Amino acid sequence: MSKFRKIFSYAIASAFLASSTLVPQTAYAAPNVHTIAELDDPLYFGDYFWDEEGVPRGGKVRVVVDLNAEQLYVYRGGYEIARAKILRGWQRWQTPTGTFKILEKDADHYSSTYNNAPMPYNLRLTWKGVAIHGADVDDESATHGCVGIPLEFARTLFRHTRVGDPVLITNNWMSDVYG
């Protein structure tokens, strides 16, 4: 399904922090990326891949969301193991950029703000309602500031993350490599 390409480590944490619109919750070192997946085709809305083959077990999981590319990346120990096309907020419900940590996990969450909308495999990032959660990902929808990911991908991400794991939400994540 995917091949991996070895790349140099990127020290972009300072560039990220300079572009953040939020005060970081925690000090977040951008993932020290060793390899990225080379996909045969670009991801379209609803597409994702998850491939851990050949990736060492036990490394720390880090999640990066690139709002401009509308993609979420998952790294373990510096190796990209997953990527998904996402939904994000628009207009007055922009998805915030910044550094976050997973505050809470709830596999069967419903919104207390938006008509009890289902938010399965919810990874809460803020106490004001921003989260990563399962959604029908298409090219016509948006969120109210959350990051929506395909349901099966959300289920797998939920299993692989822990409360406290770091999440970076930014624009143009390593566009020279992924672009």
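The structure presented is a predicted model; accordingly, all values stated were derived computationally and were not measured.
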How far does [atom1] of [X] sit from [atom2] of [Y], to the nearest 0.5 angstrom?
X: L168; Y: Y73; atom1: CG; atom2: OH; value: 11.5 Å
X: F100; Y: I169; atom1: CZ; atom2: CD1; value: 4.5 Å
X: L67; Y: W90; atom1: CG; atom2: CH2; value: 9.5 Å
X: T161; Y: K101; atom1: OG1; atom2: NZ; value: 14.5 Å
X: Y121; Y: I132; atom1: OH; atom2: CD1; value: 15.5 Å
X: C146; Y: N122; atom1: SG; atom2: CG; value: 7.0 Å

(message) Applying salt bridge (Lys or Arg N to Asp or Glu O under 4.0 Å) as the test, list every pair that has at least one member in residues 146-169; sequence neighbours left out.
(response)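 As it turns out, the salt bridge (Lys or Arg N to Asp or Glu O under 4.0 Å) pairs with a partner in residues 146-169, which skip direct neighbours, are E152-R155.
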
At their closest point, which heavy atom of [X] faces which heavy atom of [Y], and how far apart are they?
X: E104; Y: V163; answer: CA-CG2, 4.2 Å
X: Y178; Y: I36; answer: OH-CG2, 3.1 Å
X: G46; Y: P150; answer: O-CG, 3.6 Å
X: P120; Y: P118; answer: CD-C, 3.5 Å

(message) Quick check on D136: does its CG atom have over 12 non-hydrogen neighbours (other residues, nucleotides or ligands) under 6.0 Å away?
(response)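 Open.
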
(request) Spell out, yes or no, whether M119 and V147 are grouped together once hydrophobic residues are joined by side-chain heavy atoms under 4.5 Å, including indirect joins. (result)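 Not linked; separate clusters.
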
(message) Which residues pass the ring-ring contact (aromatic ring centres under 6.0 Å, His included) test with H160, not counting sequence neighbours?
(response)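 Listed in chain order: W50.
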
(request) Applying side chain to side chain contact (heavy atoms under 4.5 Å, CB included), run through L39 and R83 and close with a yes or a no. (result) CA-CA 10 Å; L39 305 181; R83 191 180 317 164; 3.6 Å; yes

Ignoring hydrogens and geometry, is there a side-chain-to-backbone donor-acceptor pair from [X] to [Y] under 3.5 Å?
X: D66; Y: N172; value: yes
X: K85; Y: L72; value: no
X: T97; Y: T170; value: no
X: T143; Y: G89; value: yes
X: R124; Y: D106; value: no

(message) If we check side chain to side chain contact (heavy atoms under 4.5 Å, CB included) with L125, which of these qualifies: L103, V63, I102?
(response)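 When side chain to side chain contact (heavy atoms under 4.5 Å, CB included) is applied between L125 and each of L103, V63, I102, only I102 qualifies.
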
(message) So, applying side chain to side chain contact (heavy atoms under 4.5 Å, CB included) with Q71, which one of V65, I86, L43 is it?
(response)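 Single pass found, and it is L43.
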
(request) Please test H34 against E80 for side chain to side chain contact (heavy atoms under 4.5 Å, CB included), starting from the C-alpha separation and ending with a verdict. (result) CA-CA 8 Å; H34 303 297; E80 183 181 12; over 6 Å; no

(request) Run the numbers on V33 and Y75 for side chain to side chain contact (heavy atoms under 4.5 Å, CB included), then give the verdict. (result) CA-CA 8 Å; V33 178; Y75 302 92; 3.9 Å; yes

(message) Under 4.5 Å side-chain heavy-atom separation, chaining through any Ile, Leu, Val, Met, Phe, Trp or Tyr, what else clusters with L87? Say none if it is isolated.
(response)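 Same cluster as L87: F45, V137.
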
(request) Report yes if the distance between the aromatic ring centroids of F49 and F153 is under 6.0 Å, otherwise no. (result)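 No, the ring centres sit 6.0 Å or more apart.
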
(request) Please assess E52 against R76 for the test side chain to side chain contact (heavy atoms under 4.5 Å, CB included), listing each intermediate value before the final yes or no. (result) CA-CA 9 Å; E52 299 176 71; R76 187 175 66 218; 2.4 Å; yes

(request) Examine K105 relative to F158 and say whether NZ or CZ is less than 6.0 Å from the centre of the six-membered ring and inside a 45° cone about the ring axis. (result)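 Ring-cation test returns yes.
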
(message) Below 30° counts as parallel, above 60° as perpendicular, anything between as tilted: where do the rings of W93 and H144 land?
(response)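 Perpendicular: the ring planes of W93 and H144 meet at over 60°.
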
